[in-house]
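Quick notes on the structure that follows.
Hydrogens, waters and symmetry mates are skipped; everything else that's a heavy atom, side chains included, is used. Order of appearance sets the numbers: ligands from 1, and atoms from 1 within every ligand. Quick caveat: nothing in here was measured; it's all calculated off a predicted structure.
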Amino acid sequence: MSPKDRTTHLLFALKDARGGFVSGETLSKAQGISRTAIWKQVAALRRLGYEIEATPRRGYRLAGAPDLLLPQEIAYGLNTRILGKEIRHLDSVTSTNGVVKSLAEAGAEEGTIVVAEVQTGGKGRLGRGWFSPRGGVWLSVLLRPAIEPIDGPKLTMVAGLGCLAALAQTGVPAAMEWPNDLMIRGRKVGGILLEVTTEPGLIEYAVVGIGINLNVDEAVFPADLRGKATSVKAELGRPVDRPAFARNLLEELERWYLALKEDRTDEMVSAWRDALGTIGKRVEVATLHERFTGDAIDIDARGSLVIRLSPRETRTLQAGDVTIIR
Ligand code: BTN
């Protein structure tokens with residue numbers, strides 16, 4: 001075991017005790033190392049911000065964990081096969097999508113995760129910025145799906161369905177607005193930025209960037225977001241355990257990623273159709289080239305939005321901004 005793995009092993013043993021004491025002897029036996037070595041690991045965990053009580057004869061007790069998206073916090077009890085085998089945590093970064101891209105270019109494994117406390121140049125869709133202060137979950141996932149570029153939007157479905165499932169577990173009524181806005185009561189709580197690198201006929205890798213305003217204080221939203229953005233904390237009136245949320249999110253993302261990999265696309269499309277608050281609504285569409293209004297009536301097998309302009313004319317939209325008018 002590497003020193004980092006040993007420290008994680010110790011942390012998990014303390015967590016398993018659920019606030020109870022674990023003796024130094026038990027801990028040293030479990031890893032086959034001296035009590036002094038255990039003491040050093042305790043010191044390392046304290047440096048990360050963990051509160052660990054040490055009492056003669058009783059041993060060690062975990063009394064508090066830092067409110068950070070530390071890899072070992074997300075990994076504790078994580079039940080996935082692909083996502084999160086490698087998790088990198090950064091306090092501040094320009095954009096987690098950018099870091100995952102560099103890792104992908106260097107050959108990183110599918111399922112690698114980068115998570116940050118703050119992004120200084122967070123990226124949104126259509127070249128916009130993404131406000132990423134402390135308290136949120138800013139996370140990017142590296143995927144290497146063996147699918148054609150034309151099927152890339154299916155990864156947005158995977159991400160959207162995963163996010164909705166994780167949000168549902170916090171108790172807030174979240175819905176999806178096409179293509180990838182996560183909404184609570186008409187305000188945006190999160191978004192997805194899919195960046196795909198292709199080779200002829202195949203996606204080489206995809207970076208799925210997810211931003212959720214989990215515990216972001218409403219008061220810190222800049223003027224242009226006030227009234228349009230919300231956070232889970234604002235909706236619930238209390239903060240949510242961020243590492244636990246990130247863990248659920250990875251599990252739910254993997255659930256839907258496996259549906260894609262195992263060709264259970266019908267199941268995915270039908271869940272996506274049910275999840276989309278956009279369908280059945282009158283919408284205004286803005287693409288790079290034009291604006292029009294119509295009725296959003298369905299999505300197709302690739303996740304494109306079908307809009308009825310008149311009784312005889314429908315349009316299929318792969319990308320663009322869609323605003324619900326009523
Ligand atoms: C949008 O709705 O416009 C998409 C927002 C996506 C934001 C996330 S935060 C983590 C990842 N890194 C980024 O720079 N952007 C995505």
Side-chain angles (χ1 to χ4, degrees), residues 68-69 71 74 83-84 87-104 108 111-143 152-153 155-164 166-167 174-184 186-197 205-216 220-222 224-225 228-232 242-243 245-246 249-250 253 275-278 286-288 303 305 318-324:
L68 295 172
L69 292 166
I74 299 175
L83 266 59
I87 303 176
R88 300 215 185 177
H89 171 259
L90 297 156
D91 186 59
S92 174
V93 69
T94 314
S95 156
T96 53
N97 266 33
V99 180
V100 168
K101 229 183 240 180
S102 324
L103 293 172
T112 298
I113 310 292
V114 173
V115 62
E117 302 297 328
V118 172
Q119 292 185 118
T120 52
K123 294 191 290 181
R125 260 181 358 109
L126 307 170
R128 297 179 187 132
W130 181 259
F131 180 62
S132 320
R134 280 187 198 276
V137 172
W138 323 125
L139 170 152
S140 300
V141 184
L142 170 61
L143 297 178
L155 294 169
T156 303
M157 285 192 223
V158 167
L161 289 168
C163 288
L164 282 179
L167 282 169
M176 197 79 204
E177 281 183 17
W178 190 91
N180 57 9
D181 290 342
L182 292 154
M183 311 292 289
I184 303 178
R187 294 185 183 188
K188 186 155 166 168
V189 71
I192 297 155
L193 177 66
L194 174 68
E195 296 188 277
V196 171
T197 300
Y205 65 84
V207 180
V208 182
I210 294 172
I212 312 270
N213 304 331
L214 200 70
N215 291 344
V216 173
V220 306
F221 284 126
D224 60 324
L225 293 182
K228 291 187 196 152
T230 189
S231 69
V232 174
R242 288 192 312 140
F245 178 85
L249 178 61
L250 296 185
L253 287 172
L276 278 175
T278 317
T287 70
L288 283 180
L305 189 65
Q318 279 90 36
D321 256 350
V322 172
T323 314
I324 295 177

Is a side-chain donor or acceptor of T230 paired with a backbone partner of R187 at a separation under 3.5 angstrom? no
Per-atom contacts, ligand 1 versus K123 - under 4.0 Å to a heavy atom: 5 (C), 6 (C), 7 (C), 13 (C), 14 (O), 15 (N), 16 (C)
Mind checking whether S140 has a heavy atom under 4.0 Å from ligand 1? yes
Ligand 1 versus I192, non-hydrogen atoms closer than 4.0 Å: side chain, backbone, both, neither? backbone
Which atoms of ligand 1 have any heavy atom of L139 under 4.0 Å away? 10 (C)
Proximity to ligand 1 by part of L126, non-hydrogen separation under 4.0 Å: neither
Hey, does the side chain of T156 reach the backbone of G152 with a donor-acceptor pair shorter than 3.5 angstrom? no
Give me the residue, atom name and distance of the protein heavy atom closest to atom 5 (C) of ligand 1. W130 CE3, 3.4 Å
Does L83 reach the side chain of L143, with side-chain heavy atoms less than 4.5 Å apart? yes
Under 4.0 Å to a heavy atom of R125 - the qualifying atoms of ligand 1, by number: 1 (C), 3 (O), 4 (C)
Side chain of W138, backbone of V114: donor and acceptor closer than 3.5 Å? no
Write out all pairs satisfying salt bridge (Lys or Arg N to Asp or Glu O under 4.0 Å) with one or both partners inside residues 130-140, taking only residues at least two apart or from two chains. D91-R134
Going by heavy atoms in the side chains, are T278 and M183 under 4.5 Å from each other? no
What atoms of ligand 1 come closer than 4.0 angstrom to any heavy atom of G122? 14 (O)
Should Q119 be listed as contacting ligand 1, given a heavy-atom distance under 4.0 Å as the test? yes
Got a sec, which residues hit side chain to side chain contact (heavy atoms under 4.5 Å, CB included) with T120, two or more places apart in sequence or on another chain? S92, T94
Quick one: does L225's side chain get under 4.5 Å of F131's, heavy atoms only? yes
Taking 4.0 angstrom as the limit and counting only heavy atoms of T96, give me the atoms of ligand 1 inside it, by number and element. 10 (C), 11 (C), 12 (N)
Quick test: of every protein heavy atom, which one is nearest to atom 2 (O) of ligand 1, and how far off is it to 0.1 Å? K188 NZ, 2.6 Å
